[in-house]
Each structure stands twice: as C-alpha cells, then as structure tokens.
Protein chains: 2
Amino acid sequence: MTVLFSKKCELAIQAVLFLSIKKEKLIYNAPAISKELKVPKEFVSKMLQTLTESGIIGSKKGKNGGFYLARKPSQIKLIEIVEAIDGYDVFKTCVLGFPDCGDENPCPVHDSWGNIRDETYHMLNNETLEQLKEKTLRKIISS
Amino acid sequence: MTVLFSKKCELAIQAVLFLSIKKEKLIYNAPAISKELKVPKEFVSKMLQTLTESGIIGSKKGKNGGFYLARKPSQIKLIEIVEAIDGYDVFKTCVLGFPDCGDENPCPVHDSWGNIRDETYHMLNNETLEQLKEKTLRKIISS
DNA sequence: GTCATATCAGATATTATTTTCCGATTATAA
DNA sequence: TTATAATCGGAAAATAATATCTGATATGAC
C-alpha cells in the first residue's frame with residue numbers, strides 16, 4: 001500500500017522532480033524517464049499524458065520528441081501534481097472513514113487529523129521544485 | 001481511496017471506538033455492530049476476528065455470544081489497532097514511493113514528511129480510548 | 001515523399017484489495 | 001438432549017487499482 005498518494009501520483013511527482021533538475025525545456029522521452037525511475041514505460045507514458053493534459057509538462061510528438069517541464073521549476077508546486085493526478089480527496093476525506101465526518105459532526109480525531117492534514121497541504125503547497133532542487137539532485141544523479 | 005489506513009483498519013477503529021463507550025464487557029455481536037456502523041456484517045465479522053487474534057477485543061462463541069473490549073478503554077490506544085490490522089508500514093514507507101528512501105538517502109521531502117509522520121504516530125499513540133470517549137459519544141449515539 | 005520514432009487514446013489484461021459466501025464448530029438456553 | 005445463535009476459517013466473487021497492449025496520429029530527418 002501507498003502512504004498518501006496513488007502509485008500514479010507518486011510516480012508523477014518523481015518524474016516532475018527528475019525533469020526539474022534538467023536544463024530548461026530539455027526533452028526526455030517516456031522510455032528514458034522509465035529507465036531513470038525504474039518503472040514500466042507504458043505506465044510512465046500514461047502518467048505523463050495526464051500531466052500534459054493538466055499543463056504541468058509539455059510534450060512534443062514525433063522523432064526526437066518527448067516531455068519537458070511546461071514552466072520554470074520556481075513556478076511549480078508539488079500540490080499541483082497531486083491535484084492533477086489524485087485530486088483533493090485526501091484533504092477532504094475522514095481519516096477514520098466515517099462517511100459523514102465534518103466540522104459539524106466531527107469524528108473523534110477530526111481536529112487532530114485536521115492539523116496534520118493542513119501541515120501536509122502546507123508542505124506540498126509551499127515549496128517549489130526550485131527550492132527542492134538541491135535535495136532532488138542529491139537523490140537523483142543528474143546529468 | 002482511503003487516506004492513510006485500509007478500509008478494514010478504518011472499520012476496526014470505528015468498531016473499537018463504538019465498543020469503548022459501552023459498559024465494560026458488554027457483548028455485541030457482529031450483526032449489531034454491522035448495523036451500527038452501516039457496513040456489511042461479513043466484513044465486520046472478519047475484521048473483528050483479526051482484532052480478537054491480536055487481543056484487543058475478546059469474543060464469546062455460541063448463543064448470546066459476540067465481541068467485547070478485552071481491556072479497559074484507558075488501556076487501549078488507537079495505534080494498537082493500526083498495528084494489528086495494517087502494521088507499521090505507513091510509518092516506514094516513502095511518501096513519494098522512492099524504494100530506497102531513508103535517512104542516508106532521503107527523498108526531497110523526507111524530512112518534512114518525517115515530521116508529519118511523527119505527529120501522526122504521536123496522535124495515535126497518545127490518546128487512549130478513554131480520552132476519546134467524550135468525542136466518541138458525540139459522534140456515535142450511545143445507549 | 002518516405003521512413004523512423006515519438007506521443008496519444010482507448011481497450012484489455014493483470015494484480016491487489018475488498019466483500020461475500022458457506023460449512024464447521026462452539027456454546028447457551030429451553 | 002435438542003434447537004438455536006453465535007464465532008471461526010477458508011474459499012470464492014466482486015470491485016478497484018495498476019499495468020500492458022495495440023493501433024492511430026504527428027513530426028522531423030534523410
């Protein structure tokens with residue numbers, strides 16, 4: 001099981017982080033990204049299509065085509081990727097699964113979890129890819 | 001998708017919270033708990049078996065049998081239920097899905113997520129069912 | 001213009017999770 | 001002792017998530 005995001009969303013964040021440490025508009029195709037992230041290329045391909053639809057990355061068809069960041073790393077936040085793939089459900093759904101949990105009818109951990117959930121949102125909404133660059137470089141061997 | 005726990009685990013927490021506001025050793029059978037939590041009784045039944053194996057609740061077979069809290073609400077923490085059903089994977093797995101993420105080779109959000117994860121653990125480890133009783137009563141109509 | 005190489009779109013297959021079913025066993029009440 | 005009502009355990013079915021395949025379309029190189 002994944003922690004908070006779907007596999008597709010995890011992979012999307014990994015891929016965008018990977019692209020963010022490369023020279024601007026440098027194009028990588030699906031097989032290359034697949035190899036880098038050690039994930040099946042068909043799955044990577046599908047995920048990259050979704051990211052392209054939501055305008056986070058751009059694509060170029062045909063020979064020497066591939067994918068590239070649509071904006072500068074300083075203008076992309078992790079939360080955008082989460083929104084594009086998984087949506088905001090994680091930030092709305094009751095952590096204990098009570099169907100009618102809300103501020104008016106809170107579950108026993110509604111407030112405690114609310115704080116944690118807000119912090120998580122803050123984490124994803126605050127840092128841009130640019131700010132994560134150094135840490136990303138340390139994680140992924142860059143070229 | 002669920003937020004952090006499996007469906008079975010969410011249900012387990014709900015069920016134990018439900019039992020915690022009842023008189024000690026008062027027995028409820030699977031159909032009754034199923035009705036209360038509005039979840040299929042077979043699924044409730046399976047989950048209650050797992051909780052019984054791990055000693056959080058007790059069971060009584062035969063006519064007028066059912067399930068009851070094995071210990072006092074002041075001696076049961078939410079984290080025990082999570083451990084019994086889902087295990088500690090949520091607290092170990094990389095939130096971005098990097099297979100080799102750890103303190104030596106951290107992902108870009110390893111530290112930030114680490115704090116949030118620790119807070120979550122703290123939330124589940126700190127409060128006992130007894131302390132949640134009031135909030136639970138407000139959520140679940142008691143008898 | 002033709003060929004090679006890439007994305008794109010939709011369908012399909014596979015796997016994992018969740019849910020349901022069924023028979024066996026056990027305990028209680030009458 | 002017999003009928004009943006419950007848990008227990010394993011298997012099966014349904015559903016959801018993940019992964020793969022296939023053909024179509026677009027693009028650049030030659």
Side-chain angles (χ1 to χ4, degrees), chain A residues 1-15 19 25-35 37-70 84-87 89-90 93 97 99, chain B residues 1-15 19 25-70 85-87 89-90 93 97 99:
Chain A
M1 274 241 305
T2 56
V3 176
L4 209 55
F5 310 124
S6 69
K7 278 257 176 251
K8 190 177 172 188
C9 187
E10 288 182 352
L11 178 58
I13 295 175
Q14 291 187 19
L19 287 174
K25 295 255 170 178
L26 194 57
I27 287 186
Y28 277 81
N29 62 27
I33 295 172
S34 151
K35 200 177 173 189
L37 302 177
K38 300 178 184 73
V39 168
K41 69 174 189 301
E42 293 88 356
F43 192 41
V44 168
S45 188
K46 262 270 131 47
M47 174 278 293
L48 290 170
Q49 277 178 44
T50 309
L51 282 183
T52 303
E53 278 169 35
S54 52
I56 293 167
I57 64 178
S59 69
K60 198 182 161 193
K61 292 183 185 177
K63 198 166 182 182
N64 300 330
F67 300 91
Y68 55 90
L69 278 197
I85 307 284
D86 282 352
D89 277 6
V90 215
T93 312
Chain B
M1 274 236 309
T2 55
V3 176
L4 210 57
F5 310 124
S6 68
K7 278 255 176 256
K8 191 177 171 189
C9 187
E10 288 183 351
L11 178 59
I13 296 175
Q14 290 187 20
L19 287 173
K25 296 256 171 175
L26 193 55
I27 287 184
Y28 277 80
N29 61 28
I33 295 172
S34 150
K35 200 177 172 188
E36 185 72 30
L37 302 177
K38 299 179 185 70
V39 169
K41 67 173 191 301
E42 293 87 358
F43 192 41
V44 168
S45 187
K46 264 269 129 54
M47 174 277 292
L48 290 169
Q49 276 178 44
T50 309
L51 283 182
T52 303
E53 279 168 34
S54 52
I56 293 167
I57 63 178
S59 69
K60 198 184 160 191
K61 292 184 185 176
K63 198 168 183 180
N64 298 330
F67 300 90
Y68 54 90
L69 278 195
I85 307 284
D86 282 353
D89 277 4
V90 216
T93 312

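Below, read A as the first sequence line, B as the second, and so on, with proteins coming before strands; counting in each chain starts at 1.
Side-chain atoms of B:L51 and B:I85, non-hydrogen and from C-beta on, do get closer than 4.5 Å to each other.
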| Are B:I27 and B:N64 close enough, and set up right, to give a side-chain contact (heavy atoms from CB on, under 4.5 Å), and what steps lead you there? | CA-CA 8 Å; B:I27 287 184; B:N64 298 330; over 6 Å; no

| message | Would A:M1 and B:D89 count as a side-chain contact (heavy atoms from CB on, under 4.5 Å) here? Give the steps. | response | CA-CA 8 Å; A:M1 274 241 305; B:D89 277 4; over 6 Å; no

Check residues 3-10 of chain A and write down every donor-acceptor pair under 3.5 Å in which the side-chain atom is one partner and the other belongs to a residue at least two apart or another chain.
from	atom 1	to	atom 2	distance (Å)
A:S6	OG	A:C9	N	3.2
A:S6	OG	A:D86	OD1	2.7
A:K8	NZ	A:T50	OG1	3.1

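In terms of phosphate contacts, B:S45 brings no side-chain nitrogen or oxygen within less than 4.0 Å of OP1 or OP2 of D:dC8. Taking side-chain N and O atoms only, A:T52 has no distance below 4.0 Å to OP1 or OP2 of C:dT7. The phosphate of D:dA6 has OP1 or OP2 within less than 4.0 Å of a side-chain N or O from B:N29.
Here C:dT18 presents its C1' atom at 11 Å from CG of B:L11, a figure rounded to the nearest Å. In this structure, the CG atom of B:N64 is 11 Å from the P atom of D:dT7, given to the nearest Å. Rounded to whole Å, atom C1' of C:dA16 lies 14 Å from atom CG of B:D86. In this entry the distance linking CG of B:L51 with P of D:dT7 reads 13 Å, nearest Å. Rounded to an integer number of Å, the gap from NZ of A:K35 to P of C:dA6 is 13 Å. B:M47 has its CE atom 14 Å from the C1' atom of D:dT7, to the nearest Å. Between the CD atom of A:Q49 and the P atom of C:dA6 there is a distance of 15 Å, given to the nearest Å.
At a threshold of 4.0 angstrom between heavy atoms, the contacts of B:G65 are confined to the sugar-phosphate backbone, with no base atom among them.
Across D:dT7, C:dA29, D:dG9, the shortest atom-to-atom separation from the side chain of B:K63 is found for C:dA29. Taking only side-chain atoms of B:F67, from C-beta outward, the nucleotide of D:dT7, C:dT7, C:dT28 with the closest atom is D:dT7.
Heavy atoms only, all atoms of each residue included: A:T52 and A:S59 are closest at CG2-OG, 3.7 Å.
For A:S34 (side chain) and A:A30 (main-chain N/O), no donor-acceptor pair under 3.5 Å exists by modelled atom type. With hydrogens and angles ignored, the 3.5 Å screen pairs no side-chain donor or acceptor of B:T93 with any backbone N or O of B:V90.
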Short heteroatom pairs, N/O only, protein and nucleotides 15-25 of chain D, under 3.5 Å:
from	atom 1	to	atom 2	distance (Å)
D:dT18	OP1	A:K7	N	3.4

